[in-house]
2 protein chains.
Amino acid sequence: MTKPDSNVSRVYAALRRMAADFELKPDERINESALSLQLGASRTPLREALNRLVAEGFLTFRSGRGFYCRSLSPALVMELYEARVAVESETARLAALKASDASLDALLAHVEAGAAEYAASGDAARLLEMDEAFHLEIAALSGNSELRRMVENLNDRVRFIRLMFMKRMIGSGTPQLARLAAHRTIAAAIASRDGEAAAQVMRGHIERRREDAAEAVRIAYSQLYVPDEETS
Amino acid sequence: MTKPDSNVSRVYAALRRMAADFELKPDERINESALSLQLGASRTPLREALNRLVAEGFLTFRSGRGFYCRSLSPALVMELYEARVAVESETARLAALKASDASLDALLAHVEAGAAEYAASGDAARLLEMDEAFHLEIAALSGNSELRRMVENLNDRVRFIRLMFMKRMIGSGTPQLARLAAHRTIAAAIASRDGEAAAQVMRGHIERRREDAAEAVRIAYSQLYVPDEETS
DNA sequence: GCATATCAATCTGTATACAGCTTGACGGAG
DNA sequence: CTCCGTCAAGCTGTATACAGATTGATATGC
């Protein structure tokens, strides 16, 4: 979305990643002078980037007191998952109704191509990346750039939670078969042009993950404040 | 959302209204120096506000060339309506499932309280205001502040189109009975706690309006570039 | 010992200055 | 007449300076 171009977009990209990964701890105040030094830019472009991130929900802003990292509560994450249900069940429906045959074949092919790795991989970050790619591909197939933007934003905002939760699941030896099966089911429903079924399956898939949100936040917190322990 | 406080939020509010009303014409380049003079603030807070509006989809930004007003095309408006379907059918569902009895009674009461005015009024702006209040109340009843934010944003971005279209409908003598009936049906479905029905009715309501989007954009264009003609 | 008032250090909010780029115009060549 | 190169005016991108607000600490009174 943002061009890899000049200073402000570089600062924006760096900040977005930092905010997504909670390198800035929840509710922590952001010191503009220190950050501008750290990022090698002056406060003017830094504040422009910060303002964009506020509008995108990654940061909050209190007048006269500066910028803060967003908070991280179970209730908030539940809301983000509910929003994902709303947006992604619709992208699945639209993809089923509007995508080209060729792009639907490609979707099925991508799922199968990654299936082996997905089922076997013990790398949480890699699994999450593949999972997000799947959801983003469906969003792209919906042909609606606005919905696609929403999916990207919501994915970015729950990434940290999901990553921590996936590490935990991998650590406990649970294989990712259920998730893989769900992806296959979703892709099949979309490919069969059944919009309503696609929407329902996608809804169920995300709602099932939402149930874990509360515990996932707890895990995320424990990881945030004990950063030295290796988790994978 | 933004405090009525200091300079930057005042500039932000003013710009948001200007962008929503297309006082800045579609794809028009924004001259920062001129705008800063007009708004009585320097370029620094102005650019901060502009960046937030970019993130919210009201403006676009091209590196090295400055800020532009968003474009206005039938395809884009269709996308916004599709997004509204996704988000608002879910707010209706959640409102039906999670809102308190008292707040649902209030929703029904508000619809009935405004029914007479809604059916008879010839003031397009007033009608639109009531319509948006209805949708926003449901979004609030969903208990999900993220979805509520999305509804607000989408409503603001299609407001101008809807206003022009409503003026045209009023001018042609079409009463707003269908819309009023739809609101009653939606409110009843939500109040009866039937989430699926509420979602379906809301979906149908917005999708029906979406059909008019292409013509609405055409009307909006004609009004944008012939601003002197009175339309109501 | 506790609460409160005062103050200094720090940080935010904004204006302004300047460098580099963009763009449109003008003039000349083909 | 058209196309292209050159140039100047204007605009954007960013650094920096400074004023006003905030915050935490220290000291004082009860």
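To find a chain, count down the sequence lines: A is the first, B the second, and so on, and within it residues start at 1. Because the structure is predicted, anything quoted here is derived from the model rather than measured.
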Grab the [atom1]-[atom2] distance between [X] and [N] for me, whole Å please.
| X | N | atom1 | atom2 | answer |
| --- | --- | --- | --- | --- |
| A/Arg10 | D/dG13 | CZ | P | 15 Å |
| A/Leu46 | D/dG13 | CG | P | 16 Å |
| A/Leu37 | D/dA15 | CG | P | 11 Å |
| A/Glu48 | D/dT14 | CD | C1' | 9 Å |
| A/Glu32 | C/dT10 | CD | C1' | 12 Å |
| A/Asn51 | C/dG13 | CG | P | 9 Å |
| B/Leu59 | D/dT12 | CG | P | 13 Å |
| B/Phe61 | D/dC11 | CZ | C1' | 12 Å |

Every protein N/O lying under 3.5 Å from an N/O of nucleotides 20-25 of chain D:
from	atom 1	to	atom 2	distance (Å)
D/dT23	OP1	A/Arg65	NE	3.4

Would you state whether a donor and an acceptor, one from the side chain of A/Ser33 and one from the base of C/dT10, lie under 3.5 Å apart?
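Answer no: no donor N or O sits under 3.5 Å from an acceptor.
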
> Which residues satisfy the side-chain contact (heavy atoms from CB on, under 4.5 Å) test with A/Glu215, sequence neighbours excluded?
Replying inline: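 Testing A/Glu215 for side-chain contact (heavy atoms from CB on, under 4.5 Å), a comparison that skips the adjacent residues, returns A/Phe165, A/Arg168, A/Arg218, A/Ile219.
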
- prompt: Using a cut-off of 4.0 Å on non-hydrogen atoms, how would the nucleic acid contact of B/Ile30 be classed: base, sugar-phosphate, or nothing?
  reply: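 Here B/Ile30 touches the backbone only, sparing every base.
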
Does [X] place a side-chain N or O at less than 4.0 Å from the phosphate oxygens OP1/OP2 of [N]?
| X | N | answer |
| --- | --- | --- |
| A/Thr44 | D/dT14 | no |
| A/Asn31 | C/dT10 | no |
| A/Arg47 | C/dT12 | no |

| Which nucleotide, C/dG13, C/dA15, D/dA15, lies nearest any side-chain atom of A/Ser42? |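 Side chain of A/Ser42 sits closest to D/dA15.
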
ask   = Are side-chain N/O atoms of A/Asn51 and B/Glu48 paired as donor and acceptor at under 3.5 Å?
value =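 Their side chains do contain a donor-acceptor pair, which is all the 3.5 Å distance test asks for.
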
- Task: Say whether B/Asn155 and B/Glu132, considering side chains only, have a donor N or O and an acceptor N or O under 3.5 Å apart.
- Result: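 Not at all, the side chains of B/Asn155 and B/Glu132 share no donor-acceptor pair under 3.5 Å.
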
Residues which pass salt bridge (charged side-chain N to carboxylate O under 4.0 Å, His left out) with [X], listed by chain and number, not counting sequence neighbours:
| X | answer |
| --- | --- |
| B/Arg126 | B/Glu117, B/Glu129 |
| A/Arg162 | A/Asp131 |
| A/Arg93 | A/Glu90, A/Glu196 |

Review point. Atom CG in A/Leu15, atom CG in A/Leu39: separation rounded to 0.5 Å?
Key: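 So the CG of A/Leu15 and the CG of A/Leu39 are separated by 5.5 Å.
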
N/O contacts under 3.5 Å, protein versus nucleotides 17-19 of chain C?
none

Report yes or no: is the cationic atom of A/Arg209 (NZ for Lys, CZ for Arg) closer than 6.0 Å to the six-membered ring centre of A/Tyr81, at no more than 45° off its axis?
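No, A/Arg209 does not sit over the ring of A/Tyr81.
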
Check the orientation of B/Phe61 and B/Phe67. Use parallel for under 30°, tilted for 30 to 60°, and perpendicular for over 60°.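 The rings of B/Phe61 and B/Phe67 sit tilted, inter-plane angle from 30° to 60°.
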
